[in-house]
Amino acid sequence: MATSDAQVEQVRALVATIPVGRVATYGDIAEAAGLSTPRTVGWIMRTDSADLPWHRVIGAGGRPAAHMADRQLRLLAAEGVAIRDGRVDMRGARFPFPDTPNG
DNA sequence: TTACTGACGGAGA
DNA sequence: CTCTCCGCCAGTA
């Protein structure tokens with residue numbers, strides 16, 4: 001499987017469903033989208049994340065994107081997300097994806 | 001075609 | 001806790 005367009009749309013859809021004050025990890029999104037590696041999620045994001053709340057997408061353990069961590073943390077903090085020592089407090093902030101229609 | 005790079009994640013030191 | 005190495009997939013040279 002070479003990441004069908006459906007997978008890409010799935011990832012984009014999942015990211016778009018992340019509500020305010022919540023966040024999701026690349027791994028969770030990849031898992032929910034049926035991807036085999038979170039790298040692909042990051043690829044999709046950088047490819048086109050203009051219409052997506054990219055700031056609600058973080059790395060494992062609440063690690064924000066290094067190139068724009070300040071911006072992401074700032075946006076998350078503005079939405080009410082708890083930040084701890086420059087990292088996102090996953091406790092209660094991690095958005096639980098309801099179900100994966102893709103299976 | 002091979003090699004290098006990158007919005008990642010896990011395990012080892 | 002920080003740093004490093006391997007695996008994974010897609011893009012670019």
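Everything numeric here is computed off the predicted structure, so don't read it as measured data.
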What pairs with A/Thr47 under side chain to side chain donor-acceptor pair (under 3.5 Å), at least two apart in sequence or on another chain?
A/Trp43
Closer than 3.5 angstrom, by distance alone: can the side chain of A/Thr25 be matched with the main-chain N or O of A/Asp28 as a donor-acceptor pair?
yes
List, one per line, each side-chain donor-acceptor pair under 3.5 Å for residues 13-22 of chain A, sequence neighbours excluded.
{"unit_1": "A/Thr17", "atom_1": "OG1", "unit_2": "A/Ala13", "atom_2": "O", "d": "3.4"}
{"unit_1": "A/Thr17", "atom_1": "OG1", "unit_2": "A/Leu14", "atom_2": "O", "d": "2.4"}

Contact list please: residues 71-93 of chain A against DNA chain B, heavy atoms, distance less than 4.0 Å, in numerical order.
none
Write down the atom of A/Leu52, the atom of A/Arg12, and the distance for their closest heavy-atom approach.
CD2-O, 3.2 Å
Do any side-chain atoms of residues 67-77 of chain A form donor-acceptor pairs under 3.5 angstrom with protein atoms, and if so which ones, sequence neighbours left out?
{"unit_1": "A/Gln72", "atom_1": "OE1", "unit_2": "A/Ala65", "atom_2": "N", "d": "3.3"}
{"unit_1": "A/Gln72", "atom_1": "NE2", "unit_2": "A/His55", "atom_2": "O", "d": "3.1"}
{"unit_1": "A/Gln72", "atom_1": "NE2", "unit_2": "A/Val57", "atom_2": "O", "d": "2.5"}

Residues forming a side chain to side chain donor-acceptor pair (under 3.5 Å) with A/Asp48, sequence neighbours excluded
none
Letter per nucleotide, 5' to 3', of nucleotides 7-13 of chain B [B base touched, S only sugar-phosphate touched, - untouched; heavy atoms, 4.0 Å]
BBSS---
Does A/Thr37 use its side chain to pair, donor to acceptor, with the backbone of A/Arg39 at less than 3.5 Å?
yes
